[in-house]
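Take a look at the structure below.
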Amino acid sequence: MTNILVTGGAGYIGSHACKALARSGYTPITYDNLSTGWQDAVKFGPFEQGDLRDRARLDDVFAAYKPAAVMHFAALSQVGEAMAQPGKYWSNNVAGSLALIEAAVAAGCMRFVFSSTCATYGEHDNVVLDENTPQHPLNAYGASKRAIEDILRDFEAAHGLNHVIFRYFNVAGADPETEVGEFHQPETHLVPLLLDAIDGKREGLTVFGTDYDTPDGTCIRDYVHVCDLVDAHILGLNWLEQDNGSRVFNLGTGFGFSVMDVIEKSRTVTNRAVPFTIGPRRAGDCTRLVSGSTRAEKELGWSPKMSTLETMIGDAWRWHQTGSYQK
Ligand code: UDP
């Protein structure tokens, strides 16, 4: 079986990717420092605890498993924290990714799939966000991801590192079989916070701003189901296996929903009241982030099947009600 090194395999998206890899006949090797991930989410292959910045440990893991490719999910990803502590983001995300990329090249592992983000685009009023949109991130999280994209391009030019960069829009939902799901500590993402509020696990949701230039005044995002997202990663891996070269793909559905749309859909899916209050804007938030690209559909053959608000919220809700949710 072919080994794939999955950094952040104990986290939300990484654990779903491990499941998808195992189902596709690969062995996912999780490399994770457990700073935000959970060891009990590592269910589909071996676990190696380690930090991205620990080059010696990375070299050992590459030598032991000889992975055919890397899927790099491990990152700090909270916009608020990135605004307050940018150094953490440049160190963990950028210096850590550089160590990983250097270790991969040194080991001759020349296929690399990278989780980037639509936060690299920043604010673009009325502009269709496709892969050629200029990147002007508003926060250190987006800036750190853009920097890693640049590193990958330089390493391709100098060393032939073939890579696929996925710029995620807003990932939501959970494994429909509830083997893995989303659990962050602390949680900052809209859907799990909403479900916690509905469930009485927290007092209520604060809507961050109703004075944006959108129909209902709340921010608009493009939500994609985590299972659709990781399916794209398998297609990205196949793309690299077929020696198609390096490529950037947006992963979004092209449909935007406001915070109020998500609240209303959560109410109908769960059939419960949603306690929320209106608060000020959150620093670093863009008004509207919606993918305007169909490149992943056209070139990878990706077709998101589960990315309706109803399915994402329904699957997340089912996961919330399992014993595995909340450690
Ligand atoms: N949001 C909100 N209240 C919260 C968390 C998020 O109103 O407690 C809003 C946030 O301002 C954004 C959207 O929900 O417009 C999605 O935020 P999230 O943190 O889930 O993802 P992001 O877009 O920051 O990647």
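No hydrogens, no waters, no symmetry mates; every other heavy atom, side chains included, goes into these values. For ligands, and for the atoms within them, numbers begin at 1 and follow the listed sequence.
Under the 3.5 Å distance criterion, with hydrogens and angles disregarded, a donor-acceptor pair is assigned to the side chains of S258 and D216.
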Atom pairs and distances, ligand 1 N/O vs protein N/O under 3.5 Å:
{"from": "ligand 1", "atom 1": "3 (N)", "to": "T206", "atom 2": "O", "distance (Å)": "2.7"}
{"from": "ligand 1", "atom 1": "7 (O)", "to": "F208", "atom 2": "N", "distance (Å)": "2.9"}
{"from": "ligand 1", "atom 1": "11 (O)", "to": "D285", "atom 2": "OD2", "distance (Å)": "2.6"}
{"from": "ligand 1", "atom 1": "17 (O)", "to": "R282", "atom 2": "NH2", "distance (Å)": "3.4"}
{"from": "ligand 1", "atom 1": "19 (O)", "to": "T188", "atom 2": "O", "distance (Å)": "3.3"}
{"from": "ligand 1", "atom 1": "19 (O)", "to": "R282", "atom 2": "NH1", "distance (Å)": "3.4"}
{"from": "ligand 1", "atom 1": "19 (O)", "to": "R282", "atom 2": "NH2", "distance (Å)": "3.0"}
{"from": "ligand 1", "atom 1": "20 (O)", "to": "L190", "atom 2": "N", "distance (Å)": "2.8"}
{"from": "ligand 1", "atom 1": "21 (O)", "to": "N170", "atom 2": "ND2", "distance (Å)": "3.1"}
{"from": "ligand 1", "atom 1": "23 (O)", "to": "N170", "atom 2": "ND2", "distance (Å)": "2.9"}
{"from": "ligand 1", "atom 1": "23 (O)", "to": "R221", "atom 2": "NE", "distance (Å)": "2.8"}
{"from": "ligand 1", "atom 1": "24 (O)", "to": "R282", "atom 2": "NH2", "distance (Å)": "2.9"}

Could you walk me through whether E187 and H184 pass the side-chain contact (heavy atoms from CB on, under 4.5 Å) test, one step at a time? CA-CA 5 Å; E187 187 53 77; H184 294 109; 3.2 Å; yes

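Scored by the ring-ring contact (aromatic ring centres under 6.0 Å, His included) test, H225 finds no partners at all (sequence neighbours excluded). In this view, F166 and H233, F249 satisfy the ring-ring contact (aromatic ring centres under 6.0 Å, His included) rule, not counting sequence neighbours.
In this structure, CD1 on I151 lies 8.5 Å from CD on E102, to the nearest 0.5 angstrom.
Listed by first then second residue, pairs satisfying side chain to side chain donor-acceptor pair (under 3.5 Å) with a partner in residues 2-12 read T7-H72, not counting sequence neighbours.
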